[in-house]
2 protein chains.
Amino acid sequence: MKNKKNELTKNQKIVLDCIQKSNKPVKAYSILSNVSKKGLKAPPQVYRALEKLIEVGEVHKIESLNSFVACNSKCIEPNGTIFSICKSCDQTTEVSNVALAKFLSDFKDMNGTQFSGFNLELFGTCKSCKT
Amino acid sequence: MKNKKNELTKNQKIVLDCIQKSNKPVKAYSILSNVSKKGLKAPPQVYRALEKLIEVGEVHKIESLNSFVACNSKCIEPNGTIFSICKSCDQTTEVSNVALAKFLSDFKDMNGTQFSGFNLELFGTCKSCKT
DNA sequence: AATAATTTGTTATATTATAACACTATCTTC
DNA sequence: GAAGATAGTGTTATAATATAACAAATTATT
C-alpha cells in the first residue's frame, strides 16, 4: 500500500538527498556515515531506503562500483540504465542517447523475445582525468 | 612477466575448471568450498586466481550477481561483455550478437571519444522458467 | 477505534573482498 | 648456474557490503 500522497518517507528523503548532493556514485556505508547525524544509525535503514528509491526509479545502482546515483534526467528508458564510468576516478554519468536506448530496448534474444530490462556500463576516461 | 608456456598455474586451472563445470554463474565462496579438497583453503587463493583468469579473458564477472562465469565462445568483442541473465533463476549466457557488439564497441561519448570497454547485462526470463 | 499494512529502530550476522607478510617457484640475463 | 626480478602461494586477519529477524511506532483503511 502506498503513502497517502505517494510521497517518499522521511528516511527515504534523507537518503535521496544525500545521494543527490554527491557528484559521484556513493557507497551505502558512505551514505550511512553522512546521514548518521540525521538519525539513521544502522545499515538496514539505509539499505531499505535505497531499495525503495531504486524501485521507484529515483536511484540507480552502479553494479560494478557497488555504489548508488540519483536518476538525473528522468531516464529516457524506463526498463534500462546506461552509465558512462571513468575507470580512473569513478565519475559516473547517466547516458541519454536515444539511438542506443532504443537499440537496447528493442533487442531480442535468440527466440525473438524481448528482454524486460538491461543495464549497460560503459568504461572510459573522463575529461578531467585525461588532462 | 609470463609463465614459461604462457599457461595457467595450478590454482588458476583448478578455479577455472570449477567454473567451467557449472552451468550457472558461481560465487567466489562457492568456488572456495568446491576446491577446498584440492588445497585452496582461503579466499585470497580463489580471488587471486579469479583476478588472473579475468585478466586473460577466461572468466567474466557478472556484476549484478557477484558471480563468475567461464568465457564460452571466445568473446566476439575483446573489450566488452554481453550477458543475458534470467531474473528468476540466474541462469546466464554470454550473448554473441555481432550487430549489438559492434554497436556498443563503436559507441562514442558526447565528445566523440570511443569507450575502452563495456558491460551489458540483459534481464529476462529463461526458457525453463517460463514454462 | 480496530484492523491492516508499512515503516522504523535495533541487534546480530551473513556475504563478498582485500591487506599484509613470509615464503616458494619460475624467468631472465649475465 | 648464480643473482636479481617477477609472479604465484599459503596464511591470518580484517575490511567492506548486505541482509535476517523481531519488536515498536507510524500511517492508512474500514
Side-chain angles (χ1 to χ4, degrees), chain A residues 1-19 22 24-56 58-69 90 92 119 121, chain B residues 1-19 22 24-69 85 90 92 119 121:
Chain A
M1 210 102 298
K2 301 276 177 62
N3 210 327
K4 185 166 46 176
K5 303 175 187 162
N6 215 9
E7 267 179 3
L8 298 174
T9 66
K10 186 184 61 131
N11 286 2
Q12 289 158 9
K13 276 182 205 158
I14 290 171
V15 168
L16 177 57
D17 184 60
C18 170
I19 298 175
S22 169
K24 274 195 193 180
V26 216
K27 294 185 167 284
Y29 277 73
S30 157
I31 296 173
L32 181 57
S33 69
N34 284 329
V35 301
S36 65
K37 44 180 179 280
K38 300 201 174 158
L40 286 84
K41 303 231 174 76
Q45 296 178 288
V46 169
Y47 279 102
R48 284 192 293 228
L50 285 172
E51 183 184 28
K52 185 54 164 242
L53 291 166
I54 289 170
E55 187 188 317
V56 301
E58 291 285 352
V59 164
H60 303 299
K61 179 171 186 183
I62 311 295
E63 294 289 354
S64 64
L65 301 177
N66 294 319
S67 299
F68 304 87
V69 292
D90 292 346
T92 296
N119 178 47
E121 300 185 356
Chain B
M1 213 97 301
K2 302 279 177 62
N3 211 326
K4 185 167 43 176
K5 302 175 187 161
N6 213 9
E7 268 179 5
L8 298 174
T9 65
K10 184 185 65 133
N11 287 2
Q12 290 159 9
K13 276 182 205 160
I14 291 170
V15 168
L16 177 58
D17 183 62
C18 170
I19 298 174
S22 169
K24 276 196 192 180
V26 215
K27 296 186 165 283
Y29 277 72
S30 156
I31 296 172
L32 181 57
S33 69
N34 283 329
V35 300
S36 66
K37 44 181 178 280
K38 298 200 174 157
L40 285 84
K41 303 232 175 77
Q45 296 178 289
V46 169
Y47 279 102
R48 285 191 293 228
L50 285 173
E51 184 183 29
K52 186 54 165 237
L53 290 167
I54 289 170
E55 187 187 318
V56 301
E58 291 285 352
V59 165
H60 303 300
K61 179 172 186 182
I62 311 295
E63 294 288 355
S64 64
L65 301 177
N66 294 318
S67 299
F68 304 87
V69 291
I85 302 170
D90 292 346
T92 296
N119 179 46
E121 299 184 357

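All values below were derived from every heavy atom in this structure, side-chain atoms included, with hydrogens, water molecules and symmetry-related copies excluded. Throughout, a chain's letter reflects where its sequence line sits, starting with A, and its residues are numbered from 1. Values in this document were obtained by computation on a predicted structure and should not be read as measured data.
- D:dG8 atom P lies 13 Å from atom NZ of B:K13, rounded to whole Å.
- C:dT6 atom C1' lies 15 Å from atom NZ of A:K10, rounded to whole Å.
- Between A:K41 atom NZ and C:dA12 atom C1' the separation is 18 Å, expressed in whole Å.
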Identify each atom pair where a protein N or O and an N or O of nucleotides 12-17 of chain D are less than 3.5 Å apart, giving names and distance.
from, atom 1, to, atom 2, distance (Å)
D:dT17, OP1, A:K27, NZ, 2.8

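- Within the 4.5 Å cutoff, no side-chain heavy atoms of B:V15 are placed close to those of B:V59.
- Here the CD1-CG distance, from A:I14 to A:L40, works out to 5.0 Å after rounding to the nearest 0.5 Å.
- Atom-to-atom, CG of B:L8 to C1' of D:dG8 comes out at 13 Å; the value is rounded to the nearest Å.
- The heavy-atom pair separating B:K13 from B:L8 by the smallest distance is CE-O, 3.3 Å.
- Between A:T9 and C:dT8 there is a side-chain N or O to OP1 or OP2 distance below 4.0 Å.
- Taking five base pairs at each end of the helix from C:dA1-D:dT30 to C:dC30-D:dG1 and finding the rotation axis that steps the C1' atoms of four pairs onto the next four gives two axes whose angle is 40°, to the nearest 10°.
- Comparing B:R48 and B:S67 by the nucleotide of DNA chain C that holds the closest heavy atom to each, the one mapping nearer the 5' end is B:S67.
- One interatomic measurement links the two molecules: CD1 of B:I31 to C1' of C:dT15, which rounds to 14 Å at whole-angstrom precision.
- A distance of 11.0 Å separates CD1 of A:I19 from NE2 of A:H60, quoted to the nearest 0.5 Å.
- Atom pair B:Q12:CD and D:dG10:P shows a separation of 12 Å (rounding to whole Å applied).
- Interatomic distance, NZ of B:K61 versus CG of B:L53, reported as 14.0 Å (0.5 Å rounding).
- Within residues 32-40 of chain B, no residue is approached by DNA chain C to less than 4.0 Å at the level of any non-hydrogen atom.
- Atom CD1 in A:I14 sits about 11 Å away from atom C1' in C:dT8, given to the nearest Å.
- The OG1 atom of A:T9 lies 10.5 Å from the CG atom of A:L16; values are rounded to the nearest 0.5 Å.
- Atom CD of residue A:Q12 and atom CD of residue A:E7 lie 11.0 Å apart, to the nearest 0.5 angstrom.
- Residues B:D90 and B:I62 are not in side-chain contact: their nearest non-hydrogen atoms beyond the backbone lie 4.5 Å or more apart.
- Using a 4.5 Å heavy-atom cutoff, the side chains of B:N11 and B:V35 are not in contact.
- Looking at A:S64 and B:N119, their side chains never come closer than 4.5 Å, going by heavy atoms from C-beta outward.
- B:I62 places its CD1 atom 16 Å from the C1' atom of C:dT16, with the value rounded to the nearest Å.
- In the set D:dG8, D:dT11, C:dG9, the nucleotide with an atom closest to the side chain of A:Q45 is C:dG9.
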